[in-house]
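Everything on this sheet refers to the single structure shown next.
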Amino acid sequence: MRFYAFGTQKITINLIGDAMDYNKYSCPVCSKAFSDGDDIVVCPICGTPHHRTCFEEQGHCFNEEKHAEGFSFLKESKATEENCQTVICSNCKAELPKDSLFCNKCGFPVGKGENRHTAYSRRDEENNGEASAPQGMYQTIVMDPMGGLSPDTDIGEGVTVGEAAKFTKNNSPFYSRLFNQIKSIGRSRFSFVGFIFGGGWMLYRKMYLRGAIVTSITALLLFIELYCTVAYGNFLNEAMNALTNIVYGNGLFAGGDVTASILEYFQSLSLEHGMVLGAYFIADLGSLVIKFICGFCCNRWYYRHCVKKIKDINEKAAGKEDADSVLQTKGGVNLALAVSLMVSYLVISFLPALLL
């Protein structure tokens, strides 16, 4: 329970589930910031919060003279926050630039509203779904950008988890734990996004050189398939039907008979058709091989990329604040490039259907 007071009158209000967080404000009487556990008294007319002892010493609301003007503490605070060029970290109370994503001091995520806290009231099935948290308890789920690890945890070559979280930005809890796992036991995980998107995912994660190489190879193989499909579509359909009949007609993977029949079929083709069919199969198989290579290697490649980039930034930066600013600028993802590649891939993939 929190007590709202005005003059000699006290009004009791139940705040379970209320998203109001006074920790980012200061008492107008003593100018000290509110913190967890403070006994806070709020004016029921304008909503101005005070320390109880400060309010009792003052004997009235600090903004009592503004009540006749319709003053509202929340509206005034919101307008001030919108014009303010700094924000306050809800974890360590450090003052940060307004566009900061993470605190420069403790690595905590800095966002709008509740600073990326998700408020909820605990539900008790035995209490018919009613909030069963003790009165006055306000619970939050915190998105930890470091995945439960200490920001000072070393993930290799002097780079810390806190720095990696600032650099990766998107999905930083996953990569914080993954990088620590690679550093600790030398084992990575299969990357399904790498398997599906390959070089596009690398470019999305700003691994431009490696991503450009993989994307170029993938595009070359895709164009080979596209050319074969468009220029020799009828022949490829007949060839696929013939090979399917050979495999399933003699029994699936029946050994030497199937192999001999396939070789005999290839020998019956002209040189041109044989090269087309071979190029089509090589391109198709090559694309699949690249997918698996990316799936098994992408996470480790990204780990090495992040460690190298962060180390370079720290060595060139004038100080920690400068390094933190560069980490958030150089890191993160390139969404525009990823969307462009995805649209291009879809256009190329459906192009044969439009040309045939």
Handout entry: Exam field: side chain Arg300 to backbone Gly186, donor-acceptor pair closer than 3.5 Å
Key = yes
Problem - Side-chain touch His67/Cys61, heavy atoms, less than 4.5 angstrom - result: yes
Practice task
Find out whether Cys54 and Lys32 are in side-chain contact, i.e. whether some heavy atom of one side chain is under 4.5 Å from a heavy atom of the other.
Solution key: no
Practice task
For the residue pair Tyr280 and Thr229, establish whether any side-chain heavy-atom pair is separated by less than 4.5 Å.
Solution key: yes
Problem - Side-chain heavy atoms of Pro28 within contact of His50, under 4.5 Å - result: yes
Problem - Donor-acceptor contact present, side-chain Tyr232 to main-chain Leu277, <3.5 Å - result: no
Problem - Test of ring centre spacing under 6.0 Å for Phe73 and Tyr25 - result: yes
Practice task
Answer yes or no: is there a donor N or O on one side and an acceptor on the other, between the side chain of Asn245 and the main chain of Asn241, under 3.5 Å?
Solution key: yes
Exercise for the section: Measure up the Phe296 and Phe190 rings against each other and bin them: parallel (under 30°), tilted (30 to 60°), perpendicular (over 60°). Expected result: perpendicular
Exercise for the section: Check whether any side-chain heavy atom of Ile313 lies under 4.5 Å from a side-chain heavy atom of Lys330, and answer yes or no. Expected result: yes
Problem - Asn237 (side chain) donor-acceptor with Gly233 (main chain) under 3.5 angstrom - result: yes
Problem - Test item: Thr215 side-chain N/O and Gly211 main-chain N/O as donor-acceptor pair under 3.5 Å - result: yes
Problem - Flag side-chain contact, heavy atom, 4.5 Å: Arg189 against Phe174 - result: yes
Handout entry: Any donor-acceptor pair under 3.5 Å from Gln181 side chain to Arg187 backbone
Key = yes
Practice task
Look at the side chain of Lys206 and the backbone N and O of Gly331, then say whether any donor-acceptor pair between them is shorter than 3.5 Å.
Solution key: yes
Completion exercise
Here the pair of heavy atoms bringing Glu225 nearest to Ser287 is OE2-OG, 3.6 Å
Handout entry: Side chain proximity check, Leu263 to Thr259, heavy atoms < 4.5 angstrom
Key = yes
Handout entry: Stepwise side-chain contact (heavy atoms from CB on, under 4.5 Å) check, Phe179 with Val307
Key = CA-CA 9 Å; Phe179 293 169; Val307 170; 6.0 Å; no
Problem - Given Val326, Asp324, Val161, the one that forms side chain to side chain contact (heavy atoms under 4.5 Å, CB included) with Lys166 - result: Asp324
Practice task
Check Ala164 against Ile310 and note the closest heavy-atom contact, atom names and distance.
Solution key: CA-CD1, 3.7 Å
Handout entry: For Tyr265, all residues meeting side-chain hydrogen bond (donor to acceptor under 3.5 Å, both in side chains), sequence neighbours excluded
Key = none
Practice task
Kindly say whether the aromatic ring centers of Tyr175 and Tyr302 come within a distance under 6.0 Å.
Solution key: yes
Practice task
Evaluate the criterion side-chain contact (heavy atoms from CB on, under 4.5 Å) for residue pair Cys294 and Val214; output intermediate values, then yes/no.
Solution key: CA-CA 9 Å; Cys294 291; Val214 174; 3.9 Å; yes
Practice task
Check the surroundings of atom CE in Met240: do more than 12 heavy atoms from other residues, nucleotides or ligands lie under 6.0 Å from it?
Solution key: yes
Problem - Check: Tyr208 and Leu337 side chains under 4.5 Å, non-hydrogen atoms - result: yes
